[in-house]
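Accompanying notes for the structure given below.
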Amino acid sequence: MKRVNYLLAATLAMTALAAMAADSTKDTGWISDSMCGAKHSGAAPDKACVQKCIAGGLKPVFIDSKNTVWSIDNPDAVKSFYGDQVKVSMTANASAKSVHIGTIAAAK
């Protein structure tokens with residue numbers, strides 16, 4: 001019986017991962033900080049300001065091409081891109097207003 005439960009749990013986990021991968025999207029936007037958010041989008045943000053805010057304890061956020069602010073559930077993925085315009089593949093959780101960054105690269 002335990003073996004069946006483990007197999008069922010593994011199957012459900014794999015199904016959830018496959019569903020998340022299927023919902024992955026690509027977008028271009030900015031990595032900003034949680035205080036200024038979209039105030040930094042559109043034009044190049046003040047990279048030093050974003051870096052200082054995040055170093056001071058604020059969280060990095062992703063500003064998408066529609067100027068929507070998303071929290072990032074895996075912030076270590078964007079460490080090298082604070083204040084940069086980036087191209088990402090991501091999985092969004094609309095109800096939590098968060099994204100999981102799959103891949104990231106400088107947009108320019």
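We're numbering straight along the sequence, starting at 1.
Take Thr25 and apply the side chain to side chain contact (heavy atoms under 4.5 Å, CB included) test, not counting sequence neighbours, and it matches Met90. With sequence neighbours excluded, the residues satisfying side chain to side chain donor-acceptor pair (under 3.5 Å) with Asp73 are His100. Thr103 pairs by the side chain to side chain donor-acceptor pair (under 3.5 Å) definition with Ser89, not counting sequence neighbours. Residues forming a salt bridge (Lys or Arg N to Asp or Glu O under 4.0 Å) with Lys52 (at least two apart in sequence, or on another chain): none. Residues meeting the salt bridge (Lys or Arg N to Asp or Glu O under 4.0 Å) test with Lys47, sequence neighbours left out: Asp84.
Remark: the Ser95 side chain and the Asn93 side chain contain an N/O donor-acceptor pair separated by less than 3.5 Å.
The CD1 atom of Ile104 lies 5.0 Å from the CZ atom of Phe81; values are rounded to the nearest 0.5 Å.
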Q: Could you walk me through whether Ile63 and Val61 pass side chain to side chain contact (heavy atoms under 4.5 Å, CB included), step by step?
A: CA-CA 7 Å; Ile63 313 300; Val61 296; 4.0 Å; yes
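Across all non-hydrogen atoms, the minimal contact from Ala94 to Trp70 is CA-CZ3, 4.2 Å. When every heavy atom of Ser65 is checked against every heavy atom of Asp27, the shortest pair comes out as OG-OD1, 2.8 Å.
Just one of Pro75, Ser32, Cys53, Ser71 meets the side-chain contact (heavy atoms from CB on, under 4.5 Å) condition when paired with Pro60; it is Pro75.
Each salt bridge (charged side-chain N to carboxylate O under 4.0 Å, His left out) pair with one or both residues in residues 93-105, not counting sequence neighbours, would appear here, but there are none.
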